[in-house]
Amino acid sequence: MSSSEARRALEAILMVAEEPVDPQLLAELLELSPARVEELCADLAATWEADDRGFLLVRVAGGYRFQSHPDLAPYVERFVLHGQSARLSAAALETLAIVAYKQPVSRAQVAAIRGVNADAVMRTLQQRGYIEGVGRDPGPGQALLYGTTRLFLEKLGLDSLADLPPLADFVPGPEAVEAFERGLGVREE
Amino acid sequence: MSSSEARRALEAILMVAEEPVDPQLLAELLELSPARVEELCADLAATWEADDRGFLLVRVAGGYRFQSHPDLAPYVERFVLHGQSARLSAAALETLAIVAYKQPVSRAQVAAIRGVNADAVMRTLQQRGYIEGVGRDPGPGQALLYGTTRLFLEKLGLDSLADLPPLADFVPGPEAVEAFERGLGVREE
Amino acid sequence: MVCARRATPRRYCPRVPYEVQTTVYEGPFDLLLHLITREEVDLWEISLSGIVDAYLAEVERMGVVDLDAATEFLVIAATLVELKCRRLLPGPADVDVDEELALFEERDLLLARLLECKTFRDAGEALARLAGAAGLSHPRTAGLEPHLLELAPDLLAGVSPADLRAAYLRATQPKRPPRVDIDHVAPIRVSVRDVVDELAVSLPAQGRVTFRRLTSGLATRLDVIVRFLALLELYKQGLVELDQPSTFGELTVAWTGPATAELATVDVYEG
């Protein structure tokens, strides 16, 4: 692979990554030596810094990541306060409630209960620290199962999950909900 | 604010966004006119494309976002193993096309066009997040009406429904019509 | 957008678990489209018994009957039988003009539906090509960097455990009441009730009028039938007089009720 293609491939991967990417992993993906990847990444980081763009490529937490340039913090902070991440939508609250009451639960199960794709909402909830992966479905597919976090309990002023308000008797119990899910074919991922 | 600072601020904000960012919101955050923001973003998009980096700035689903360059898909796909959604079936695609072009549309209307029950296919499309309920038919029965979602636009790389290829492009040509007529015995050979 | 030749296979194996002549059709139009466009078969030549045999053999092999699949097949078979019956009808010389026109109308309707179906199938393939091209790019969805997360407003501020419970109940409410599905039946576009109402307004001003005149300009035979049922309804309520001097003669209608009539409840005719 030419250096220029390797650089472009690194940029592409780092652009879609949500977390810092380990250079070891990058080396495997690009079939290059780790030393070569480190060299290319350091090169890229220097180029980006010299270019004076709105973001930097930095080495952090054991990997490389694109992040906003610190001197643009005032604008980014406005975005944080007024943008997409400033509100809990009704959809997000419903999703959080399903995870809270049904945990451990997979994304597909949440999607089936809500009747709509829940991936983006689940990612946001996870990023904000309200839910987290708690295990894997033992069945085929080994879907990642989610549950709520300590932070979630703290924010709601609950001591433990047992303190969640009970669902009244007349609402569909877990068996009914499960039957509903089976009817929707949720069990398969 | 200078153009160069505005450009850098836009890049910084788009770097921390989770989904395409509405230019209207960008305009408010930067205290610029929406027209100016559109102009700057279009500028940036063109610059990034000309620079031949590993990613692009694109306008999609009514907003701007960074995304990996399509010609690097082989590398990126090695990295992004998750979220690879299964391909839609021919039946699902046909149903999706009906909803996309005829929205808002009820299940019964979709079924009438396809000639078969559309419930299972519509439910799949809804779970995948491509379509959603958008209102109720004012007529008797108050049928739920469906339309396409933002995710649909994102998945197709479209900025708005106006960017769908015109339906007229797909109307069968005279030869096909003749073949149908012959098949139905309308036209004697 | 420039698109390469479509990458997705046209055929796939849907949930319908049986195969008829090695191909599974998604509904009657799918089958018809296939027969007409790809096989170039004259419908006259299709052997229904062949399809039925293949289907029955498959059902036997499965040991279980899938109700959905069976129903779908019935719809396909019914459409084919209907078409074949049409082809078996006597030639134009033996058919009266109304019948012939009705036949042409139905053929046109079927043709229009086939064209519509083909249009959306091709549009669906175009959407798949767009999705395929767009799928080569992956979006950045990284979201806020860790130090920014601390800045972000607390999303759960003001959310109480009771709110959470309410949200759960909202989300788990059954979305659709169970019902018998009749979506595959062609919808009746006009109801008898609607036409009764319409006639009660228009007839008083028209004096004596022929049924032919009342139904001129109607698109389908179904609309004509609905209009006829509406007239019978008005007759039952004593609001119109019907007169037919001879069998198969011209039917005339005259309004005999008050200028603005109070209509009794109309029986609903189910499609």
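Letters A, B, ... mirror the listed sequences (proteins, then strands); counts begin at 1.
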Visitor: What's the separation between atom CG in B:L151 and atom CD1 in B:I131, rounded to the nearest 0.5 Å?
Guide: 12.0 Å

Visitor: What part of B:L158 gets closer than 4.5 Å to chain C, counting heavy atoms only: side chain, backbone, both or neither?
Guide: side chain

Visitor: Can you tell which of B:L96, B:V171, B:T95 has the highest number of heavy-atom pairs within less than 4.5 Å of chain C?
Guide: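 That would be B:V171.
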
Visitor: Does anything in residues 38-67 of chain B get under 4.5 Å of chain C by heavy atoms, and if so which residues?
Guide: B:R65, B:F66, B:Q67

Visitor: For B:T124, give me all partners under side chain to side chain contact (heavy atoms under 4.5 Å, CB included), at least two apart in sequence or on another chain.
Guide: B:R128

Visitor: To the nearest 0.5 Å, what is the distance between CD1 (B:I98) and CE (B:M122)?
Guide: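 Those atoms lie 9.0 Å apart.
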
Visitor: Taking atom CG of B:D119 and atom CZ of B:R107, what is their separation to the nearest 0.5 Å?
Guide: 4.5 Å

Visitor: Between C:G124, C:A131, C:A142, C:A123, which has the largest tally of heavy atom pairs under 4.5 Å with chain B?
Guide: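 Of the options given, most contacts go to C:A123.
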
Visitor: Do you know the tightest heavy-atom contact between B:R136 and B:L145?
Guide: C-CD1, 3.8 Å

Visitor: Answer yes when C:D122 and C:K118 have at least one side-chain N-carboxylate O distance shorter than 4.0 Å, and no when they do not.
Guide: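 A salt bridge links C:D122 with C:K118.
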
Visitor: We want to know whether B:Q109 and B:S106 form a side-chain donor-acceptor pair, criterion being a heavy-atom distance below 3.5 angstrom.
Guide: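 Yes, side-chain donor-acceptor contact under 3.5 Å.
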
